[in-house]
Chemist: 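A single structure is presented below for examination.
What you see is a predicted model, and the numbers here were worked out from it, not measured in a lab. Chain naming here is simple, since letters A, B, ... match the order of the sequence lines and numbering starts at 1 in each.
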Protein chains: 2
Amino acid sequence: MTPQREHVLAAVHKLGHATPEQITEAVPDVDAATVYRALELLEELGLVKHAHLGHGAPSYRPAEDDHIHVVCHTCGRVVDAPHDLVDALEQRLWQERGFAVDRSHFTVFGICADCRESPRAGER
Amino acid sequence: MTPQREHVLAAVHKLGHATPEQITEAVPDVDAATVYRALELLEELGLVKHAHLGHGAPSYRPAEDDHIHVVCHTCGRVVDAPHDLVDALEQRLWQERGFAVDRSHFTVFGICADCRESPRAGER
DNA sequence: TTAAGTGCAAAGAGTTTGCAAATAA
DNA sequence: TTATTTGCAAACTCTTTGCACTTAA
């Protein structure tokens, strides 16, 4: 564990959900390449996790934050949901196919209540 | 509907699941930029859909192919699953939060039965 | 003194954009 | 003509890589 890696890990904890770019901004004295290398290592060590919250960059978070991400297509808002939301799906895929779902790497897309009421078109 | 757009749509139907790059290869007389523009339009028209099947490029398919994607982290294989797999999850998010899940834009990650038995590490 | 980690700059993949030429209404 | 669409090239974003320099065992 080097100082740079500590800084990256601290930034992930501070930011909660963050892209590599945001993390790089939050740790100005660490090079972007080092941030990417650190995130890869921290993920192997099981200290952080990432998920894909849309078209763009992956989002990293502390490994302890075990939840599902629910993302609105329209406003882009990300809401966390309890991970037991996927229990049924997980059991079915396991029993029917022996497929072990990775709940943490999981994103549900759709349209949130606010955006259904007042669609903010083009605000993707 | 121009000839180029017809060709792109035909390629999506032929390929089933395809990235913009694969589609571009399948339609050599159409420029990549035109492929991207066509896919965007075809999606607005409701003729194709896309989902994110991993870190890389999105995957486009005919809009009629209404199913869930299950992707193995290790071997990268993509398996289609019936969309009723998410019924419970969908109902819960709807009732508890008024969130309308987009089932088509949905990917489940994990490890498939084959890869659990004989892990092919590093084959991501 | 050896191995590992870092910063920097360059390269790479995937995608988007500006614009002039081609096509269609 | 007038608007739309295309191809081409350039630009852009995000990420990875090569390599010399630094740091720590």
Chemist: Atom CZ of B:R5 to atom C1' of D:dT6: distance rounded to whole Å?
Modeler: 9 Å

Chemist: Do B:L15 and B:L42 sit in the same hydrophobic cluster, where Ile, Leu, Val, Met, Phe, Trp and Tyr count as joined when their side-chain heavy atoms come under 4.5 Å apart?
Modeler: yes

Chemist: Strictly below 4.0 Å: does B:Y36 bring a side-chain N or O up to OP1 or OP2 of C:dT16?
Modeler: no

Chemist: Given C:dT23, is OP1 or OP2 found less than 4.0 Å from the side-chain N or O atoms of B:Q4?
Modeler: no

Chemist: When hydrophobic residues are tied together by side-chain contacts of less than 4.5 Å, even through go-betweens, does B:L85 share a cluster with B:W94?
Modeler: no

Chemist: Quick one: A:L39 CG to C:dG5 C1', roughly how many Å, whole number?
Modeler: 15 Å

Chemist: Would one find more than 12 heavy atoms of other residues, nucleotides or ligands at under 6.0 Å from atom CD of A:E40?
Modeler: no

Chemist: CD of B:E6 versus P of C:dA24: gap in Å, rounded?
Modeler: 13 Å

Chemist: Rounded to whole angstrom units, what separation is found between the CD atom of A:E25 and the P atom of D:dT13?
Modeler: 13 Å

Chemist: Counting only side-chain N and O atoms of B:T34, is one of them less than 4.0 Å from OP1 or OP2 of D:dT6?
Modeler: no

Chemist: Please classify the nucleic acid contact of A:A57 as base, sugar-phosphate, or nothing, using heavy-atom distances under 4.0 Å.
Modeler: sugar-phosphate

Chemist: Want to settle it: does B:D31 or A:A32 sit nearer the 5' end of DNA chain D, counting the closest nucleotide to each?
Modeler: B:D31

Chemist: What is the distance, rounded to the nearest whole Å, between atom CD of A:E40 and atom P of C:dG5?
Modeler: 12 Å

Chemist: Check the pair B:Y60 / B:T19 against side-chain contact (heavy atoms from CB on, under 4.5 Å), numbers first and verdict last.
Modeler: CA-CA 6 Å; B:Y60 285 83; B:T19 63; over 6 Å; no

Chemist: Please report the distance, rounded to the nearest Å, between CG in B:L45 and P in D:dT5.
Modeler: 11 Å

Chemist: Quick check on the hydrophobic clustering: are B:I111 and B:V78 connected, directly or via other members, by side-chain heavy-atom contacts under 4.5 Å?
Modeler: no

Chemist: Of all the choices, D:dA9, C:dT15, C:dG7, which nucleotide is nearest to the side chain of B:A33 once you look at every atom?
Modeler: D:dA9

Chemist: Treating primed atoms plus P, OP1 and OP2 as sugar-phosphate and everything else as base, which nucleotides of nucleotides 19-25 of chain D get B, S or - for protein heavy atoms under 4.0 Å?
Modeler: -------

Chemist: What verdict does the side-chain contact (heavy atoms from CB on, under 4.5 Å) test give for A:V70 and B:F99, after you've listed the backbone C-alpha separation in whole Å, the side-chain angles of each residue and the deciding distance to 0.1 Å?
Modeler: CA-CA 9 Å; A:V70 179; B:F99 188 94; 3.3 Å; yes

Chemist: Nearest whole Å is fine: how far is D:dG7 P from B:D29 CG?
Modeler: 8 Å

Chemist: Who are the side chain to side chain contact (heavy atoms under 4.5 Å, CB included) partners of A:T107, not counting sequence neighbours?
Modeler: A:A51, A:L53, A:H69, A:V71, A:F109

Chemist: Quickly work out the B:H52 NE2 to C:dT15 C1' distance and round it to whole Å.
Modeler: 13 Å

